[in-house]
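A quick write-up on the structure given underneath.
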Amino acid sequence: MTKTNTRRYWLMKSEPAAFSWEDLKSAKNRTTCWDGVRNYQAKNLMRDEIKAGDGVLFYHSNIPSPAIVGIAEVVREGYPDDTAMDPASRYHDPRATRDNPVWYMVDIRAKADLSSPITRNDMRRHPVLSQMDVMKKGNRLSVQPVTKPQWQAVLALATIQDPLV
DNA sequence: GCCAACGTTGGC
DNA sequence: GCCAACGTTGGC
C-alpha cells in the first residue's frame, strides 16, 4: 500500500493572536513544532495517530470570523514536548521527565494558502463540512480528525489541487 | 462581554 | 470513586 492510501487528515486550531497561519508561513522552513498542547486526548493523537505526510487544515479560532485558512503537512510525528521539562517555559509541567515526557508534539509545515478562507458560515451551509468535528458545539479539542471527504470538500471549495499528492 | 460546554482538580 | 468547584475555550 502506498503512503497516499494511508494518509490521514487533521484539523489544528490556533488563535491567530497566539500563532497564526502567517506566523507558520514566515517560520524557518515554513515549519513549527506544535508545542504547548496540554490536553490528554490531543496528546494521545499526536503521540500515537498523527504520522508524517498526514494533511492538516489550519484553523483560526477565537476571532470574529473563525475559518480554515491554510493547508499544512505533518513533517515529524510524535516526539516529546520538551517545553514541559523546562521550568522557564509557560508550558512547564513538573511531572515531565526525560523518561516520562507526559506531553508530545508534532511538526507541521505550511503547504498552500486557500484561495480564500473557509469560514464557519461557509461550513455551516455545506453538506459535508457542516458535519466536521469543529462545527460541533462545545468541541474544544485543538487537534481533531478530518475525514477524507471533508478534506476533499475543503480543497474543492478552495479551488486548489491537493498540495500533498 | 456573555455564557455554554468541557477538562481538571481536590475534598471527601 | 464521586462530584462540586473552578478555570479555560471559543462561538456568538
Side-chain angles (χ1 to χ4, degrees), chain A residues 8-27 32-50 54-74 77-108 110-147 149-158:
Chain A
R8 286 197 279 175
Y9 307 98
W10 311 94
L11 178 143
M12 292 192 181
K13 276 194 288 201
S14 189
E15 300 191 20
F19 189 85
S20 69
W21 175 241
E22 288 69 30
D23 291 332
L24 179 58
K25 287 196 295 178
S26 60
T32 192
C33 56
W34 207 246
D35 62 5
V37 174
R38 297 293 179 264
N39 168 283
Y40 284 102
Q41 209 177 333
K43 178 267 289 180
N44 288 339
L45 288 176
M46 293 200 290
R47 187 190 59 190
D48 304 331
E49 305 292 336
I50 301 178
D54 284 358
V56 173
L57 303 178
F58 198 101
Y59 176 90
H60 279 167
S61 67
N62 209 10
I63 51 174
S65 183
I68 299 168
V69 292
I71 305 289
E73 179 180 19
V74 177
E77 53 203 48
Y79 65 106
D81 179 348
D82 49 18
T83 63
M85 301 167 214
D86 177 4
S89 170
R90 53 195 281 249
Y91 301 125
H92 181 237
D93 184 335
R95 297 168 300 170
T97 64
R98 205 164 292 279
D99 287 340
N100 178 29
V102 185
W103 303 109
Y104 285 77
M105 59 187 176
V106 299
D107 289 357
I108 64 170
K111 296 295 284 187
D113 290 298
L114 301 193
S115 49
S116 60
I118 298 176
T119 67
R120 288 182 72 85
N121 281 338
D122 297 331
M123 292 183 243
R124 192 174 294 111
R125 287 190 246 98
H126 191 283
V128 174
L129 299 186
S130 58
Q131 304 306 308
M132 294 185 76
D133 284 0
V134 75
M135 297 304 293
K136 290 175 187 154
K137 189 172 171 138
N139 191 333
R140 291 162 40 173
L141 244 199
S142 59
V143 180
Q144 310 179 357
V146 169
T147 67
Q150 289 164 355
W151 173 264
Q152 290 171 333
V154 167
L155 293 168
L157 265 190

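Just so you know, these numbers use all the heavy atoms, side chains as well, and skip hydrogens, waters and symmetry mates. Naming: A, B, ... by sequence-line order, numbering from 1 per chain.
The pair A:D81-A:R38 meets the salt-bridge criterion, with a side-chain N (NZ, NE, NH1 or NH2) lying under 4.0 Å from an Asp/Glu carboxylate O. We find that A:R98 and A:D82 are not joined by a salt bridge, their nearest charged nitrogen and carboxylate oxygen being 4.0 Å or further apart.
The nearest pair of heavy atoms linking A:D35 to A:Y91 is OD1-CE1, 4.2 Å. Considering all non-hydrogen atoms of both residues, A:M85 and A:H92 come closest at C-CD2, 4.0 Å.
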ring-ring contact (aromatic ring centres under 6.0 Å, His included) between A:Y104 and A:W34, intermediate numbers included:
CA-CA 9 Å; A:Y104 285 77; A:W34 207 246; over 10 Å; no
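Looking at residues 117-124 of chain A, you'll see A:R120, A:R124 sit with a heavy atom under 4.0 Å from some atom of DNA chain C.
Looking at which nucleotide of DNA chain B each of A:N139 and A:N62 is closest to, the 5′-most match is held by A:N62.
One finds the CE atom of A:M12 at 13.5 Å from the OG atom of A:S61 (value rounded to the nearest 0.5 Å). Considering CH2 of A:W21 and CD1 of A:I71, their distance stands at 7.0 Å, rounded to 0.5 Å.
Boundaries of the chain A contact region on DNA chain B are B:dA4 to B:dT8, first to last in 5' to 3' order (nucleotide atom under 4.0 Å from a heavy atom).
Applying the side-chain contact (heavy atoms from CB on, under 4.5 Å) criterion to A:D23, with sequence neighbours excluded, gives A:F19, A:S20.
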